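Notes follow the structure.
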Amino acid sequence: MPDDDRVFKALADPTRRFLLDLLFARDGRTLTELESELEMSRFGVMKHLRVLEEAGLVVTRRSGREKLHFLNPVPIRLIHDRWIDKYTERHASALADLKAELEE
């Protein structure tokens, strides 16, 4: 599966977006910390984290016996640059041109 497809799949689920929001608020959380914020089983949270890891949105690091989860915003930025930014640029510049013209 191409990287963009994995990122879109990962972002399509509200639980996974919530996990990303938690990691954005405070990086380096354990599975137990993330699980405590959700009303689902530990196994369910692990499945969601696996999808996020496969998409490159979450990276992990072992610290002793703990596995810490960190947000990787790079794939989201690449999606933004490829799929959002190029479509909004024309509209934003058109609005800026309209504003300048109306002010004259």
Side-chain angles (χ1 to χ4, degrees):
M1 181 183 303
D3 290 342
D4 283 359
D5 291 347
R6 286 187 177 129
V7 174
F8 280 119
K9 177 186 173 188
L11 293 174
D13 184 86
T15 300
R16 291 191 285 267
R17 291 191 306 267
F18 181 71
L19 286 168
L20 293 175
D21 287 339
L22 290 174
L23 293 174
F24 178 79
R26 188 173 59 80
D27 244 352
R29 293 182 189 232
T30 64
L31 175 60
T32 302
E33 290 174 301
L34 294 169
E35 176 191 3
S36 71
E37 299 284 339
L38 294 164
E39 293 184 19
M40 68 172 47
S41 70
R42 183 176 189 86
F43 182 71
V45 175
M46 288 170 59
K47 285 175 65 175
H48 283 294
L49 287 170
R50 187 176 320 117
V51 172
L52 291 168
E53 285 181 56
E54 289 172 359
L57 294 167
V58 170
V59 293
T60 59
R61 187 181 78 223
R62 287 238 175 245
S63 176
R65 296 174 63 179
E66 296 181 322
K67 183 178 181 182
L68 303 176
H69 299 82
F70 295 88
L71 172 66
N72 177 19
V74 173
I76 295 173
R77 181 58 195 223
L78 293 174
I79 292 289
H80 174 270
D81 291 349
R82 178 169 181 207
W83 293 103
I84 298 169
D85 198 36
K86 73 178 178 183
Y87 293 107
T88 59
E89 177 58 33
R90 186 174 20 162
H91 298 295
S93 65
L95 288 173
D97 292 344
L98 178 62
K99 178 183 181 287
E101 194 174 311
L102 291 173
E103 289 175 345
E104 287 178 4

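Computed from a predicted model, the values in this text were never measured in an experiment.
A distance of 5.0 Å separates CD in Glu37 from CG in Leu22, rounded to the nearest 0.5 Å. How far CG of Leu52 is from CG of Leu49: 6.0 Å, rounded to the nearest 0.5 Å. With values rounded to the nearest 0.5 angstrom, Leu102 atom CG is found 11.0 Å from Asp97 atom CG. Distance check: Asp13 CG to Leu20 CG gives 10.0 Å after rounding to the nearest 0.5 Å. Separation of atoms CG (Leu34) and CZ (Arg26) is listed at 8.5 Å; rounding is to 0.5 Å. Within the model, atoms CD1 of Ile84 and CZ of Arg77 stand 10.0 Å from one another, a figure rounded to the nearest 0.5 Å.
A donor-acceptor pair is defined here as one N or O able to donate and one able to accept, closer than 3.5 Å; no such pair exists between the side chain of Arg16 and the backbone of Leu11.
In plain terms, the two heavy atoms of Pro75 and Ala55 that are nearest each other are CG-O, 4.0 Å. Among all heavy-atom pairs drawn from Ala10 and Leu57, the shortest one is CB-CD1, 3.7 Å. The heavy-atom pair separating Phe18 from Leu38 by the smallest distance is CD2-CD2, 3.4 Å. Scanning both residues, Phe70 and Leu23, for their nearest heavy atoms gives C-CD1, 4.3 Å. Closest approach of Asp4 and Trp83 over heavy atoms only: OD2-NE1, 3.3 Å.
Members clustered with Leu78: Val74, by chain and number, using a 4.5 Å side-chain heavy-atom cutoff among hydrophobic residues.
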**Request:** Would you check, one step at a time, whether the test salt bridge (Lys or Arg N to Asp or Glu O under 4.0 Å) holds for Lys9 with Asp5?
**Result:** CA-CA 6 Å; Lys9 177 186 173 188; Asp5 291 347; over 6 Å; no

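A single hydrophobic cluster is not seen to contain both Phe24 and Val51; linkage of ILVMFWY side chains at heavy-atom distances under 4.5 Å, directly or through other members, places them apart.
Within the structure, salt bridge (charged side-chain N to carboxylate O under 4.0 Å, His left out) contacts touching residues 40-52 (residues at least two apart or in different chains) are Glu35-Arg42.
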Check: residues 58-69 side-chain donor-acceptor pairs under 3.5 Å, at least two apart:
{"from": "His69", "atom 1": "ND1", "to": "Arg29", "atom 2": "O", "distance (Å)": "3.1"}

